[in-house]
Amino acid sequence: MENNKDKATLISIVVPIYKVEPYLHKCVDSLLGQTYKNIEIILVDDGSPDNCHQICDEYAKQDKRVVVIHKENGGLADARNAGTAVAKGNYIGFIDSDDWVDADMYEVLLAAILENNADISEIGVKYVYDDRIDYQNEKQITIMNKTEALSAFLDRTKMIQGCVWGKLYKANIVKDNLFPVGRIHEDGYFTYKALYAAQKYVLLNTCKYNYRQGRIGSIMTSTIKENPKSYYDVIDAFEERNAFFESKNETIFLRKSKAYYYKTLVSFLRSAVSSGMDEDLILYLKNKIESQNTEILTNPELGLWKIKYVLFRMTSYRNIG
């Protein structure tokens, strides 16, 4: 039930749109049907070449809560930024335009924030395939401070999703930390900054975000192995994150961040070699590892993984490049 306090709280939901005509109605209808009514739905037509622009305009005619932006194609990050720039809400959420949400998702997310005086809330995810639905492991309702939330994220416990959807943020957190235009996996440049800006984080134990799997043309459907740029952008995001924590003198966060960065470098190198990727990329990854070998061996967060790393260097590593 909405109370007077809730009615004064506006939620802005940003929906980047590009070549999703078969899925757009389901997405927008799920937002219009939210049990929490005080929302603005910002549809960002990112120069989509299909009929998405017409669908957006029709929704704007039907419901005054719908705001439409038509722009030249600039990519997912640029579309999110464009929506964020016009958002009037006290809180901001994101949804990918080929996904949809349960009717009470935003009511539940907002209630969690208001009841706990939190800055970000996160809901569980349903992974929707053509023949089944996989539910994200049910978690306990968890209230975390900044240190706890960042540690859970950097330790890769899977408690906190790296993606921006399925969450609700205080507006200033999003507006102060925009997405990097032209990058793949742009969430990797954003999530850690949002967590660092939050004093309290609420993780909910119910799944209400429907994440469509296997759509042809989806950014996530094209695996990292098929796109060399993904390797460079993910590594760049890690290095920017490391530099961020170093600039803040956050020693523990930096150590945790670097630990997963090192694991990713090794994993990417193995993947690039097995997939027959470009030799320049393989050399780039090997040089990154070589230049940080001492740090890898002395990072206390890596634990027994160091044994795997040493074995890797003693065997297949010598024949690379």
Side-chain angles (χ1 to χ4, degrees), residues 10-89 91-110 123-136 161 163-168 179 187 206-222:
L10 177 64
I11 295 175
S12 297
I13 306 167
V14 178
V15 189
I17 296 166
Y18 185 75
K19 295 176 71 172
V20 289
E21 184 177 348
Y23 314 103
L24 187 54
H25 282 291
K26 189 174 185 70
C27 175
V28 180
D29 288 345
S30 76
L31 298 177
L32 291 173
Q34 288 295 296
T35 55
Y36 188 84
K37 303 300 182 184
N38 193 21
I39 60 176
E40 67 169 354
I41 303 165
I42 304 172
L43 305 180
V44 186
D45 166 29
D46 191 32
S48 188
D50 52 14
N51 292 316
C52 284
H53 62 289
Q54 296 175 353
I55 296 173
C56 291
D57 289 341
E58 286 300 317
Y59 274 114
K61 293 176 183 178
Q62 296 168 16
D63 196 306
K64 63 181 181 181
R65 296 176 298 170
V66 176
V67 177
V68 177
I69 298 173
H70 296 292
K71 60 182 289 297
E72 292 184 2
N73 179 251
L76 180 57
D78 194 46
R80 285 176 176 165
N81 290 343
T84 297
V86 303
K88 298 177 181 177
Y91 297 89
I92 296 176
F94 297 94
I95 178 173
D96 285 355
S97 49
D98 52 351
D99 299 333
W100 69 99
V101 297
D102 290 0
D104 61 343
M105 189 183 88
Y106 283 104
E107 182 176 3
V108 170
L109 285 170
L110 179 61
I123 207 83
V125 180
K126 290 179 276 188
Y127 296 86
V128 183
Y129 296 84
D130 289 339
D131 58 348
R132 72 183 193 279
I133 298 176
D134 291 344
Y135 287 77
Q136 188 181 42
Q161 289 276 348
C163 298
V164 302
W165 40 254
K167 299 179 177 68
L168 191 62
F179 297 91
D187 293 3
T206 182
C207 299
K208 294 184 179 294
Y209 187 96
N210 298 277
Y211 180 25
R212 190 185 300 273
Q213 300 293 291
R215 177 176 74 82
I216 296 174
S218 167
I219 291 175
M220 296 307 295
T221 300
S222 178

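In this structure, the side chains of P49 and K19 come closer than 4.5 Å at one or more pairs of heavy atoms. Side chains of F179 and V164 form a contact here, defined as non-hydrogen atoms less than 4.5 Å apart. The shortest side-chain heavy-atom distance between D102 and K126 falls under the 4.5 Å cut-off. Counting heavy atoms from C-beta outward, N210 and D99 have side chains that stay 4.5 Å or more apart. Side-chain contact between I11 and N38: absent, with no pair of heavy atoms (C-beta onward) separated by less than 4.5 Å. In this structure, L32 and V66 have side chains that are in contact, with non-hydrogen atoms separated by less than 4.5 Å.
Of all non-hydrogen atoms in S97 and V20, the two that sit nearest each other are OG-CG2, 3.3 Å. Closest approach of A60 to V68, counting heavy atoms only: CB-CG2, 3.8 Å. Listed here is the closest heavy atom pair of I95 and C27: CD1-SG, 3.8 Å. Heavy-atom minimum distance, A87 versus I92: CB-CD1, 3.9 Å.
Put simply, CD on Q213 and CD1 on I133 are 11.0 Å apart, with the number rounded to the nearest 0.5 Å. Here the OH-SG distance, from Y23 to C52, works out to 11.0 Å after rounding to the nearest 0.5 Å. Taken from CG in L168 to CD1 in I13, the straight-line distance is 8.5 Å, to the nearest 0.5 Å. In this structure, D104 CG and T206 OG1 are separated by 7.5 Å, a value rounded to the nearest 0.5 Å. Atom CG of L24 and atom SG of C56 lie 5.5 Å apart (nearest 0.5 Å). With rounding to the nearest 0.5 angstrom, the CG atom of L109 is 4.5 Å from the CD1 atom of I123.
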Test side-chain contact (heavy atoms from CB on, under 4.5 Å) applied to R65 and Q34, step by step:
CA-CA 12 Å; R65 296 176 298 170; Q34 288 295 296; 5.9 Å; no
For side-chain contact (heavy atoms from CB on, under 4.5 Å), just list the numbers for Y18 and L76, CA-CA rounded to whole Å, side-chain angles, deciding distance to a tenth of an Å, and then say yes or no.
CA-CA 8 Å; Y18 185 75; L76 180 57; over 6 Å; no
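The backbone N or O of Q161 lies less than 3.5 Å from a partner atom in the side chain of K167, making a donor-acceptor pair. One N or O on the side chain of E21 and one on the backbone of N51 form a donor-acceptor pair closer than 3.5 Å. Although no hydrogens or angles enter the test, the distance criterion places a donor-acceptor pair under 3.5 Å between the side chain of S30 and the main chain of V101. Listed for the N73 side chain is a donor-acceptor partner under 3.5 Å among the backbone atoms of D46. Under the 3.5 Å distance criterion, the side-chain polar atoms of H25 are left unmatched by any main-chain donor or acceptor of P22.
Looking at D29 and Y59, their side chains do bring a donor and an acceptor atom within 3.5 Å of each other.
Within a 6.0 Å radius of NZ in K71, other residues, nucleotides and ligands contribute more than 12 heavy atoms.
For D187, the side chain to side chain donor-acceptor pair (under 3.5 Å) test picks out R80, with sequence neighbours left out. Residues forming a side chain to side chain donor-acceptor pair (under 3.5 Å) with S12 (at least two apart in sequence, or on another chain): E40.
Each of Y106, W100, F94, Y209 was compared with W165 under the ring pair (Phe, Tyr, Trp, His ring centres under 6.0 Å) criterion, and only Y209 meets it.
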